[in-house]
2 protein chains.
Amino acid sequence: MEGMRPGCTGQGTVSCSICHILTRTEWSALPAPALRTLSDAIVRREFGAGESVYAMGESNRGIHCISGGMVGIRKLDEHGNSVLLGLAYPGDTLGYRSFLCDEDHKTSAEALGPTVICFIDAATISRLLQLHPELGRRFFRRATHDVEKAHDALIKNATLCNRARFIHVLLLLIKHHGEIDDDGARRIDLPLSRRDLASMIGTRHETLSRIIGRLESEGLAEFSGRHVHVPRIDALMRDLDQRLPQ
Amino acid sequence: MEGMRPGCTGQGTVSCSICHILTRTEWSALPAPALRTLSDAIVRREFGAGESVYAMGESNRGIHCISGGMVGIRKLDEHGNSVLLGLAYPGDTLGYRSFLCDEDHKTSAEALGPTVICFIDAATISRLLQLHPELGRRFFRRATHDVEKAHDALIKNATLCNRARFIHVLLLLIKHHGEIDDDGARRIDLPLSRRDLASMIGTRHETLSRIIGRLESEGLAEFSGRHVHVPRIDALMRDLDQRLPQ
DNA sequence: ATCGAAAATTGACAATCGTCAACTGGAGAA
DNA sequence: TTCTCCAGTTGACGATTGTCAATTTTCGAT
């Protein structure tokens, strides 16, 4: 199977019942015996940065569950433009919508660094869903949450300028990847290229370069390649309040 | 009950099994006896233009199903900006997500003209869902479809300029409300204010005024208040192809 | 270490956009 | 009717953006 690595532990060697991110996943709706069924069925796969987990248009053979690392959810429009719709982290389930609707993948998922993903095949999920209707309700909740996330993004696009949208993305990334210095400053190594960052806020990469330049000249952040240093994160947040429209 | 009109036929007088828009709704998953249960339970309500069907933050007591007319789905951000997220037409179900997740309404729904809406109370839905699991699957499909619609809107926002986004909205409205003249030209009475149209494409109403002005000076459309005349609709669509980025 | 391709930055310029302001026009109330 | 209010339009202006182009930097492969 593509993506399988020599170090992959393969089937049945991971226990979902002791998975530390279980409480974040939809599977936590299952009782212990069902979790054993799940553990026996999952296939653990490791991905390197840039590797595709699945691609738009592919048929969907099961559900992916992120155990470690980070995944970018991408979509291409009819003209080949790539837009990064969102980021997924350990505990997030991928491909559940198209799987449960028996449709092809509507987005692409791509590892943004060393990533470990558990794959659960169609037959196992069908069995679990039939025995435990609560699992289906959890996935419905998840879909609802995804709608709300997309609506929030639409509202940000409609009401904020590019600069504010970028700061929002930056704060989100800091929340997930940032480290705190002794003086309270934050440091990150961005997991995304400038182009992907630009596509997330809906602008061109040249424009993003200029926004970054302005943030640097104002002392709000220092960028060096993918490394970012934010001396005072509250200054960034206050900048958002003062820059509501454009 | 607020919104009830003298002309409202009230409970049990509408048969869902003969509702002409039934094939479009999730309820078509139900067999005939369940449809009778549904018919007996629904409450038909009529709304005038601008009347609220439900508001953001209200508790959710059931599902609304549009029988006739048109509804705008609106959301307010934390600063009071109103954004029109989408339009709903006969056959569309409203408020199903927050209802099935047992949460408050996350959006507002507002009649954009004389509108007839059937309301199904919580107890009836719960009973139907329990007896007919397929109904739940239909709602899941609907949620998935809503995610994809929001993602498509995000991609349009990220890759198209305001002018192209407005033309997309205009074509959508023509599809639903347009009439065809003898010479093939289209006519519409827009169901939305300029401000709402602007919020849909994520810009200011002054900017929309200028975009409309340019479309008029190029002969692509004539605007007179809310009435629009599009002499050649294919010219509008061709304009989209030539104006991909900005 | 070197090379080459892709990513990223920067400049210049035209086009677009947001803001503020003034003005027009129509709908509803007194 | 007249008045007021609000949606809509238009103008002016500065700021931002997209595009094209040139250049620099980065990163992986050889």
Checklist entry - Which nucleotides of nucleotides 5-14 of chain D have their base under 4.0 Å from a protein heavy atom (B), which only their sugar-phosphate (S), and which neither (-), written as one string 5' to 3'? => result --SSBBBB--
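Between A:Tyr54 and A:His105, the angle of the ring planes stays under 30°, which puts this pair in the parallel group of the 30/60° scheme.
Two residues are said to be in side-chain contact when any heavy atoms from C-beta on lie closer than 4.5 Å; A:Asp196 and A:Arg74 meet this criterion.
A donor and an acceptor atom, one from each side chain of A:Thr159 and B:Asn81, are nowhere located under 3.5 Å apart. No hydrogens or angles considered: a donor-acceptor pair under 3.5 Å links the side chains of A:Tyr96 and A:Asp146. If you check the side chains of A:Ser59 and A:Asp104, you find no donor sitting under 3.5 Å from an acceptor.
At D:dT17, one or more side-chain N or O atoms of A:Asn162 fall inside 4.0 Å of OP1 or OP2 (strictly under the cut-off). An OP1 or OP2 oxygen of C:dG18 is reached within less than 4.0 angstrom by a side-chain nitrogen or oxygen of B:Thr203.
Between the CG atom of B:Asn157 and the P atom of D:dT17 there is a distance of 15 Å, rounded to whole Å. In this structure, the CD1 atom of A:Ile201 is 8 Å from the P atom of D:dT17, given to the nearest Å. Taking atom CG of residue B:Leu160 and atom C1' of nucleotide C:dC17, one finds them 17 Å apart after rounding to whole Å. Atom CZ of A:Arg163 is separated from atom P of D:dT16 by 8 Å (rounded to the nearest Å). In this structure, A:Arg204 places its CZ atom 15 Å from P of C:dA8, rounding to the nearest Å. Note: CD1 (A:Ile211) to C1' (D:dG18) measures 12 Å, nearest angstrom. Between the C1' atom of D:dC27 and the CG atom of A:Leu190 lies a distance of 17 Å, rounded to the nearest Å.
Between B:His177 and B:Tyr89, the distance separating the two ring centers is shorter than 6.0 angstrom.
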